[in-house]
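Residue numbers count from 1 along this sequence. Only a predicted model underlies this, so the values are computations on that prediction, with no experimental measurement involved.
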Amino acid sequence: MKKVIIDTDVGTDVDDAVAITLALKSPELKVEGITTVYGNTLLRAQIVLKLLKLMGIDDVPVVAGIEKPLLREREVWWPGHEGKGILTDEAKRDLKPVDKHAVDFLIEKILENPKEITLVTIGPLTNIAAAIIKEPKIIENVMEIIMMGGVARIFDNAPELPYIEHNIKCDPEAASVVFDSGIPITMVGLDVTLKVPIDRSHLQRIKDVGTELTDTLVRLIEIWWRFLKSDSSCMHDPLALSYCIKPEFLETTNCKVIVETQGKYTVGQTIVIPDESSNIKVACSVDSEEFIKFLIDRLCSKI
Ligand code: RIB
Ligand code: CA
């Protein structure tokens, strides 16, 4: 089993909740912990704890992390629906994360398991950057980072893509620290994640399962779609997570990645340059159909 820690901004876009469920329903993975980042990280940790409870899991540590970007003056985007459809004030009282800071938890776990932990980062990179700054020894001791973040815009679909991706834009300085660290990284950016939407037909399949867990996921998906004013949304984070279960859904190419932190219009942009010698692999194409089939089957499975 592959040892993973998931670092997440669960609660805003529904795809984090889907990715966490996918991880915990995957026998290929041993989830060593889940850390939260960006905005109200205690509330985000309580959402994770509730998801775990719905799956009958009580032995995965959940740890709250840093609330603000490294440059404290950068604003935090908090649309306000976080926790709706899954948490009540009463339930929150019993949902207590580990009494430790996520940055310390990450450092301890990585050093206790040299070259064994895969970090799956599905939110802004503040916790990971802070951990690297506080204890640079984690650089040689972490196995790899699989990251949902960035957009390369150097592949065939480039003209259709936005210039800037949320997880990098929310904390570009942190992203820059992580990309420059030398840790082996697989960057799963919008180039591929925008190709894996789910729609009402997939929602119906999840609805048909009829457990408390799937009913909760359906409610969270509907809340997010109402916010987006849409009937579908992309499974960015589950696609990144799937790379540590079934890497064959994605093709990658080695690239150097630079994060723009100072441009007038381009803060958060990832500048991606093909480079065979780079420690960073960038996802360039995806088998969307097979991935979505795998995702929905796992979400609906009894495991
Ligand atoms: O740009 C997509 C990313 O931003 C995903 O991780 C989504 O959950 C949001 O955090
Ligand atoms: Ca996310």
Side-chain angles (χ1 to χ4, degrees), residues 5-24 31-70 72-106 119-131 148-149 166-167 169-171 174 212-228 233 235-238 240-241:
I5 297 178
I6 302 171
D7 187 63
T8 172
D9 60 346
V10 67
T12 307
D13 186 330
V14 72
D15 65 335
D16 295 72
V18 176
I20 291 165
T21 308
L22 172 63
L24 291 157
V31 180
E32 294 280 340
I34 302 179
T35 53
T36 60
V37 69
Y38 195 69
N40 186 341
T41 51
L42 170 61
L43 182 82
R44 295 200 195 279
Q46 289 171 318
I47 296 172
V48 179
L49 284 162
K50 180 68 193 199
L51 279 172
L52 295 181
K53 201 169 173 188
L54 291 170
M55 286 183 260
I57 296 170
D58 60 8
D59 58 352
V60 172
V62 178
V63 199
I66 303 179
E67 301 197 339
K68 288 186 175 179
L70 288 189
R72 314 294 283 172
E73 69 265 26
R74 288 207 190 281
E75 257 176 54
V76 170
W77 185 64
W78 190 261
H81 61 265
E82 291 82 356
K84 298 216 169 95
I86 184 163
L87 295 178
T88 59
D89 286 342
E90 204 192 344
K92 275 198 246 172
R93 275 192 287 275
D94 297 329
L95 296 169
K96 295 204 171 55
V98 176
D99 188 15
K100 185 174 273 212
H101 196 282
V103 171
D104 295 319
F105 174 83
L106 286 163
L119 288 179
V120 182
T121 68
I122 55 176
L125 289 149
T126 321
N127 285 336
I128 314 299
M148 191 287 129
H166 177 80
N167 290 342
K169 180 180 153 207
C170 290
D171 197 342
E212 219 189 319
L213 171 68
T214 51
D215 288 352
T216 305
L217 284 178
V218 167
R219 260 197 319 278
L220 296 179
I221 292 169
E222 283 175 336
I223 288 170
W224 179 238
W225 287 2
R226 228 172 288 134
F227 174 79
L228 291 181
S233 64
M235 293 292 106
H236 311 279
D237 296 343
L241 193 282

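Contacts classified as salt bridge (charged side-chain N to carboxylate O under 4.0 Å, His left out) and involving residues 90-99 (residues at least two apart or in different chains) are given here: D89-K92. For the side chain to side chain donor-acceptor pair (under 3.5 Å) condition, the pairs that include at least one residue of residues 217-228, sequence neighbours left out, are D13-W224, K207-E222, T216-R219, W225-S233. Pairs engaging residues 31-45 under the salt bridge (charged side-chain N to carboxylate O under 4.0 Å, His left out) rule: K30-E32, E32-K109 [sequence neighbours left out]. Each salt bridge (charged side-chain N to carboxylate O under 4.0 Å, His left out) pair with one or both residues in residues 46-67, not counting sequence neighbours, would appear here, but there are none.
Residue V18 comes nearest to P238 through the heavy atom pair CG1-CG, 3.7 Å, listed as atom of the first residue, atom of the second, then distance. Smallest separation of non-hydrogen atoms from A102 and G65: CB-CA, 3.4 Å.
Contacts of K68 classified as salt bridge (Lys or Arg N to Asp or Glu O under 4.0 Å), with partners at least two apart in sequence or in another chain: none. Residues passing the side chain to side chain donor-acceptor pair (under 3.5 Å) test with T126 are D171, sequence neighbours excluded. In this view, T36 satisfies the side chain to side chain donor-acceptor pair (under 3.5 Å) rule with no residue, not counting sequence neighbours. The side chain to side chain donor-acceptor pair (under 3.5 Å) check on D9 picks up nothing, with sequence neighbours excluded. Residues meeting the salt bridge (Lys or Arg N to Asp or Glu O under 4.0 Å) test with D104, sequence neighbours left out: K134. Looking at residues two or more places apart in sequence or on another chain, you find a side chain to side chain donor-acceptor pair (under 3.5 Å) between N127 and D7.
Checked against T8 for a side chain to side chain donor-acceptor pair (under 3.5 Å), the options D15, T41, D16 give a single hit: D16.
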Under 3.5 Å, sequence neighbours excluded: what are the donor-acceptor pairs made by side chains of residues 74-86?
residue	atom	partner	partner atom	Å
R74	NE	E173	OE1	3.0
R74	NH2	E173	OE2	2.7
H81	NE2	T12	O	2.8
E82	OE1	G80	N	2.8
E82	OE2	T12	OG1	2.8
K84	NZ	G80	O	3.2

